[in-house]
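One structure is given below, encoded as structure tokens.
Just so we're on the same page: letters track the sequence lines, and every chain starts at 1.
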2 protein chains.
Amino acid sequence: MLIAAWTRGNLLVRTKEKNKERAGSQTRGKIVAAAQELFLARGYESVSIADILEKSRVNSGSLYYFFRAKEDLLLAVLDWYLDNLYPQVIDPALKTTSDPIEQVFAVLEGYRQMLTITECQMGCPIGNLALEMSEKSEAVRGKIAQNFANWRAAIRDMLVAAGNRLPAGTDCETLAMFILTVMEGGVMQARAHRSLAPFEQSIALLRDYVNRLVANPDATTPGTPLGSRPEGWWDELM
Amino acid sequence: MLIAAWTRGNLLVRTKEKNKERAGSQTRGKIVAAAQELFLARGYESVSIADILEKSRVNSGSLYYFFRAKEDLLLAVLDWYLDNLYPQVIDPALKTTSDPIEQVFAVLEGYRQMLTITECQMGCPIGNLALEMSEKSEAVRGKIAQNFANWRAAIRDMLVAAGNRLPAGTDCETLAMFILTVMEGGVMQARAHRSLAPFEQSIALLRDYVNRLVANPDATTPGTPLGSRPEGWWDELM
DNA sequence: GTCTATAGAAGGATAGAC
DNA sequence: GTCTATCCTTCTATAGAC
């Protein structure tokens, strides 16, 4: 469902567009949709403007009417992901179960399906761009960080809802960040090995960890500041 | 130390070169060294042949004498990483302590230093290329998988050495894969946020997990096949 | 807002002398 | 093995008519 919506288009965002263009014009949306699919499949640098024009069936002049440069188009795609996190990733997971911990794993299950459907060729579109683009543009890096921050916040809310089952003093934001870590690292290895196994095993061990937290809420282990967090690094969210 | 050696050059590999070129020629090595540094800093697509020629102070003709195409040069860089995993990443960690579990964390500490020195602009050179290149070339993807497999095997050996402290039946290869997952996911977020915190916290929670495994070696948690693993996906190594 | 045509730079790769 | 010169393609972006 995740993937289907991601690759099918951008119906949702079109109705939300804040621009002053007349509502009837679908050109901008078609361009963003094409760029989003191509960047997801092949990254940023190896997708050319010509590729985007061909896929969206739009002419060069129109593209540069809406976007000053290729990078602005990428920013628009990242905004699209920002707008679609809840409708396409979080809300479907919330609906599968009322157990907040199971909701977290339902989100991860969505990524597993994405890997399955694409035969491990597409994983997380943001993680993709994070490594390719972080050094090249501050604006892009900022929007990627914001995407991560929103994802983390959504997972954090689920963990907070499960808070009484976790060890007292657990920092849910940090644990959410760790879950994103495992998801991204698992996707990376799944793609490199063209196998679901690294992803599935990573999630299995993550679940073992969560199970151990729930089973032993009073245990503390030496030198592990589960409840502490250096302030300030996730400022992009606020 | 990790980083210093990575960015300084490739003294080691030059002496190992299997090619038939006369030993005195440093040209091939200079090209690989330049390419390795540039790919690490900026990825593959956004580094041009001209960039590599300028940095290595070599002429176009020489580069194409040694490498048929840009992709062959990338394969040579990936071979360089394969050759340098132990001398530059594993051996230094083995020397820091005799406790195998601490050796694992010493490896991760090396990556933390890399992030520190580069102000979170460079992380794992392989993870970098894994997401950018997995879909573009089977040859490249295979060598990236091999790099992951060797890293995993080295960590697995440490875990095997600590085996009696881990839950009976723990699959050390899977746990090693999970450690790579956490490392890569942590590096990704550190770069996206330009902050060490996501990496450090990811490692802190990983340590909490390992501590819980060691503290509760008899506990099993439902539905988590810590000791099982689908066979076959890491075949690249064998 | 959309179209065609094209500028102008940068890209990977090759030729052929030495 | 190394050099210079350059081919040809592809790329991002713009011009200007409609």
Rounded to whole Å, how long is the line connecting atom CZ of B/F66 with atom P of C/dA13?
17 Å
Side-chain (A/E132) to main-chain (A/E45) donor-acceptor, under 3.5 angstrom:
yes
If only atom types and distance count, is the side chain of B/R141 paired as donor or acceptor with the main-chain N or O of A/A192 below 3.5 Å?
yes
I need the NZ-C1' distance between A/K70 and C/dG11, as an integer number of Å.
13 Å
Atom CD of A/E45 and atom C1' of D/dC11: how far apart are they, to the nearest Å?
11 Å
Determine, step by step, whether B/E119 and B/R194 satisfy the salt bridge (Lys or Arg N to Asp or Glu O under 4.0 Å) criterion, reporting the C-alpha distance in whole Å, the side-chain angles of both residues, the deciding distance to 0.1 Å, and the verdict.
CA-CA 7 Å; B/E119 288 173 314; B/R194 276 248 202 294; over 6 Å; no
Review item, side-chain donor-acceptor pairs of residues 57-70 of chain B, under 3.5 Å, at least two apart:
{"residue": "B/K70", "atom": "NZ", "partner": "B/Y44", "partner atom": "O", "Å": "3.1"}
{"residue": "B/K70", "atom": "NZ", "partner": "B/V47", "partner atom": "O", "Å": "2.7"}

Round to the nearest Å and state the distance from A/L74 atom CG to D/dT12 atom P.
13 Å
Length of the line joining A/E71:CD and D/dC11:P, which is rounded to integer Å
19 Å
Counting only side-chain nitrogens and oxygens, does A/Y64 get under 4.0 Å of the OP1 or OP2 atom of D/dT14?
no
What is the separation between atom NZ on B/K30 and atom C1' on D/dT2, rounded to the nearest whole Å?
11 Å
Distance only, no hydrogens: is a donor on one side chain within 3.5 Å (strictly under) of an acceptor on the other, for A/T181 and B/Q189?
yes
How close or far is atom C1' of C/dT2 from atom CD of A/Q26, stated in whole angstroms?
15 Å
Taking DNA chain D as the partner, which of residues 47-61 of chain B come within under 4.0 angstrom of it by heavy atom?
B/N59, B/S60, B/G61
Give a yes/no answer on whether the side chain of B/Y65 brings an N or O atom under 4.0 Å of OP1 or OP2 in D/dT2.
no
Heavy atoms of A/F148 and A/G127 approach each other most closely as CZ-CA, 4.2 Å
Could you give the OH-to-P distance, from A/Y44 to D/dT12, as a whole number of Å?
8 Å
Taking every heavy atom of A/Q121 against every heavy atom of A/R191, the minimum-distance pair comes out as O-NE, 3.3 Å
When you measure from the side chain of A/T27, which nucleotide among D/dA13, C/dT2, D/dT2 comes out closest?
C/dT2
